[in-house]
Chemist: 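Here it is, the structure, as structure tokens.
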Amino acid sequence: MNGDDVMKLYLKPGSCAMAVHIALEEAELTYEIETVDLATKQTASGEDYLTINPNGYVPALVLDDGEVMTEAVAILLYIANLAPDAELAPSPGSKAYFELLSHLVFITTELHKNFSPFFKPNSGETWRAMAQKNLNARLSLMNEHLATRDYVAGERFSVADAYLFTVLSWSRVVHVSLSPWPHLERFVARIAERESVQRAMQAEGLK
């Protein structure tokens, strides 16, 4: 870091930004957090969030040099690269790295995306029903994937586990039971016990 400058993560508690929060804890990096009201686009300190991230959603990570990084998958991989000793991702360019990237893309496009309608009050019943059908199919695939392994990619915790845990935790909020997918239930329970997850959830007021 440069002098007293540290990274700052802008988040909404419990959102996909929590995956980044967990990764920062796992990496033991120095950072700050600030919450964002996504309805008003105001940060907790009164800033116009759109001047930080014109997209208007979280996460956004302001780097120690003042540059802003957005999009959860990109930020997660950046953190893994910034702290290689934490082993949150395989070596860039390796076959294992692209396997991890494949899982991250699946989580963001097939799981995260299909949870979205349940958070929007104006989602019609048709849209929700379609999302539920798609979500059920994708959850079944991930449940099967985790039937014989503890982690999403490889044999240790990675940024993919932080992201999957975060997305699956939304099931409680939108009342989607994970009971049909016991391997996912066990995954959530196991990852929730990690100290990094406990610290991130406490900092976000979720514990």
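Because the structure is a prediction, the values reported are computed rather than measured. All heavy atoms count here, side chains included; hydrogens, waters and symmetry mates do not.
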Chemist: Quick one: pull up CG in Asp150 and CZ in Arg190 and give me the separation to the nearest 0.5 Å.
Modeler: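 Rounded to the nearest 0.5 Å, the CG-CZ separation comes out at 4.0 Å.
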Chemist: Are Leu139 and Leu168 close enough that some pair of their side-chain heavy atoms sits under 4.5 Å apart?
Modeler: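 Touching, per the 4.5 Å side-chain cut-off.
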Chemist: What distance do Leu100 atom CG and Leu88 atom CG have between them, rounded to the nearest 0.5 Å?
Modeler: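 Those atoms lie 9.5 Å apart.
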Chemist: For side chain to side chain contact (heavy atoms under 4.5 Å, CB included), just list the numbers for Asn81 and Leu77, CA-CA rounded to whole Å, side-chain angles, deciding distance to a tenth of an Å, and then say yes or no.
Modeler: CA-CA 6 Å; Asn81 187 67; Leu77 291 175; over 6 Å; no
Chemist: For Tyr97 and Ser91, which I'm curious about, is there any donor-acceptor pair between the side chains at under 3.5 Å?
Modeler: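 Distance-only check fails for Tyr97 and Ser91.
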Chemist: Can you tell me how far CG of Leu63 sits from CE of Met69, rounded to the nearest 0.5 angstrom?
Modeler: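 If I round to the nearest 0.5 Å, the distance is 5.5 Å.
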Chemist: For residues Glu185 and Ser179, is any side-chain donor paired with an opposing acceptor at under 3.5 Å?
Modeler: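 Per modelled atom types, Glu185 and Ser179 side chains form no pair under 3.5 Å.
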Chemist: Which heavy atom of Asn53 sits nearest a heavy atom of Pro59, and at what distance?
Modeler: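 Looking at all heavy atoms of both residues, the shortest contact is ND2-O, 4.1 Å.
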Chemist: Please step through side chain to side chain contact (heavy atoms under 4.5 Å, CB included) for the pair Thr43 and Thr35, ending with a clear verdict.
Modeler: CA-CA 6 Å; Thr43 72; Thr35 58; over 6 Å; no
Chemist: Would you say that Arg194 contacts Phe157 through its side chain, given a criterion of any heavy-atom pair below 4.5 Å between the two side chains?
Modeler: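 A side-chain contact under 4.5 Å exists here.
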Chemist: Over all heavy atoms of both residues, which pair between Leu104 and Ala160 is shortest? Give the atoms and the distance, please.
Modeler: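 Taking every non-hydrogen atom into account, CD2-CA, 3.7 Å.
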Chemist: Any side-chain heavy-atom pair from Ile191 and Val197 closer than 4.5 angstrom?
Modeler: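 Sidechains of Val197 and Ile191: in contact.
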Chemist: Measure the CG-CD distance between Asn114 and Gln132 for me, rounded to the nearest 0.5 Å.
Modeler: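 Reported value, rounded in 0.5 Å steps: 9.5 Å.
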Chemist: Is the closest side-chain heavy-atom distance between Leu184 and Met142 below 4.5 Å?
Modeler: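 Sidechains of Met142 and Leu184: in contact.
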Chemist: Roughly how far apart are Glu99 CD and Ser94 OG, rounded to 0.5 Å?
Modeler: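 Output value for this atom pair is 9.5 Å.
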Chemist: Check whether any side-chain N or O of Ser196 sits under 3.5 Å from a backbone N or O of Glu26 as a donor-acceptor pair, and report yes or no.
Modeler: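 Not confirmed, Ser196 side chain does not pair with Glu26 backbone.
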Chemist: Give a yes or no answer on whether the side chain of Glu204 reaches the backbone of Gly14 with a donor-acceptor pair at less than 3.5 Å.
Modeler: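 Yes; at least one donor-acceptor contact below 3.5 Å.
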Chemist: Decide yes or no for Phe118 and Trp170: does some side-chain heavy atom of the first lie under 4.5 Å from some side-chain heavy atom of the second?
Modeler: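 Of all side-chain heavy-atom pairs linking Trp170 with Phe118, none is under 4.5 Å.
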Chemist: Does Glu34 use its side chain to pair, donor to acceptor, with the backbone of Ser45 at less than 3.5 Å?
Modeler: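 Side chain of Glu34 to backbone of Ser45: a pair is present.
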Chemist: Backbone N or O of Asn136 within a donor-acceptor pair of the Ser140 side chain at under 3.5 Å?
Modeler: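 Yes, the answer is positive, given that a donor and an acceptor are paired below the 3.5 Å cut-off.
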Chemist: Please give me the minimum heavy-atom distance between Ala153 and His103, naming the atom from each residue.
Modeler: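 For Ala153 and His103, the tightest heavy-atom pair comes out as CB-CD2, 3.9 Å.
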Chemist: How about Tyr151 and Ser158: do any of their side-chain heavy atoms sit closer than 4.5 Å?
Modeler: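 Contact flag for Tyr151/Ser158 side chains = no.
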Chemist: Take Met130 and Asn134 through the side chain to side chain contact (heavy atoms under 4.5 Å, CB included) test and state the conclusion after the steps.
Modeler: CA-CA 6 Å; Met130 184 178 299; Asn134 290 336; 3.9 Å; yes
Chemist: If you compare all heavy atoms of Phe119 against all heavy atoms of Phe115, which two are closest, and at what distance to 0.1 Å?
Modeler: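 Phe119 and Phe115 have their closest heavy atoms at CD1-O, 3.5 Å.
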Chemist: Classify the side-chain pair Glu71/Tyr57 by whether it contains a donor and acceptor separated by less than 3.5 Å.
Modeler: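 On atom types as modelled, these side chains qualify, holding a pair under 3.5 Å.
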Chemist: Taking NZ in Lys12 as the centre, count heavy atoms belonging to other residues, nucleotides or ligands within less than 6.0 Å. Is the count above 12?
Modeler: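 No, the 6.0 Å shell around NZ holds no more than 12 heavy atoms from other groups.
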Chemist: Do Ile79 and Val159 have side-chain heavy atoms sitting under 4.5 Å apart?
Modeler: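 A side-chain contact under 4.5 Å is absent here.
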Chemist: Is Thr109 reaching over with its side chain to a backbone N or O of Val105, donor-acceptor style, under 3.5 angstrom?
Modeler: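 Yes.
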Chemist: Determine, stepwise, if the pair Met18 / Met201 fulfils side chain to side chain contact (heavy atoms under 4.5 Å, CB included).
Modeler: CA-CA 8 Å; Met18 187 168 73; Met201 293 181 70; 3.9 Å; yes
Chemist: Taking transitive links into account, so neighbours of neighbours count too, which hydrophobic residues share a cluster with Val68 at under 4.5 Å side-chain distance?
Modeler: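 Taking Ile, Leu, Val, Met, Phe, Trp and Tyr as members, Val68 shares its hydrophobic cluster with Tyr10, Val36, Leu38, Tyr49, Ile52, Val58, Val62.
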Chemist: Please verify the inter-ring angle class for His112 with Tyr163; under 30° counts as parallel, over 60° as perpendicular, anything in between as tilted.
Modeler: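 It falls in the perpendicular class, over 60°.
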Chemist: Under a 4.5 Å cut-off applied to non-hydrogen side-chain atoms, are Trp181 and Leu146 in contact?
Modeler: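 Heavy-atom side-chain distance check fails, nothing below 4.5 Å.
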Chemist: Got a donor-acceptor contact below 3.5 angstrom from the Lys41 side chain to the Gly56 backbone?
Modeler: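 Such a contact is found between Lys41 side chain and Gly56 backbone.
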Chemist: Using 0.5 Å steps for rounding, measure from the CD atom of Gln42 to the CG atom of Leu50.
Modeler: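 Answer for the CD-CG pair, Gln42 versus Leu50, is 8.5 Å.
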Chemist: Applying salt bridge (charged side-chain N to carboxylate O under 4.0 Å, His left out), name anything that partners Glu144, two or more places apart in sequence or on another chain.
Modeler: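 Scan of Glu144 (salt bridge (charged side-chain N to carboxylate O under 4.0 Å, His left out), adjacent residues dropped) gives none.
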Chemist: Considering all heavy atoms of both residues, which atom of Ala83 and which atom of Ala27 are nearest to each other, and what is their separation?
Modeler: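 Reported closest heavy-atom pair: CB-CB, 3.6 Å.
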Chemist: Checking ring-ring contact (aromatic ring centres under 6.0 Å, His included) for the pair His183/His145: CA distance, chi angles, key distance, verdict?
Modeler: CA-CA 9 Å; His183 303 303; His145 176 70; over 10 Å; no
Chemist: Does Arg149 have more than 12 heavy atoms from other residues, nucleotides or ligands lying within 6.0 Å of its CZ?
Modeler: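 Enclosed.
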Chemist: Can any side-chain N or O of Thr166 pair as donor or acceptor with the backbone N or O of Ala162 at less than 3.5 Å?
Modeler: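 Looks like yes, one N/O pair under 3.5 Å.
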Chemist: Taking all heavy atoms of Ala17 and all of Leu9, pick out the closest pair and write down the distance.
Modeler: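 Shortest heavy-atom separation between Ala17 and Leu9 comes out as O-CD2, 4.0 Å.
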Chemist: Give the intermediate values and the outcome of salt bridge (Lys or Arg N to Asp or Glu O under 4.0 Å) for residues Arg199 and Glu195.
Modeler: CA-CA 6 Å; Arg199 289 193 297 267; Glu195 291 184 5; 3.6 Å; yes
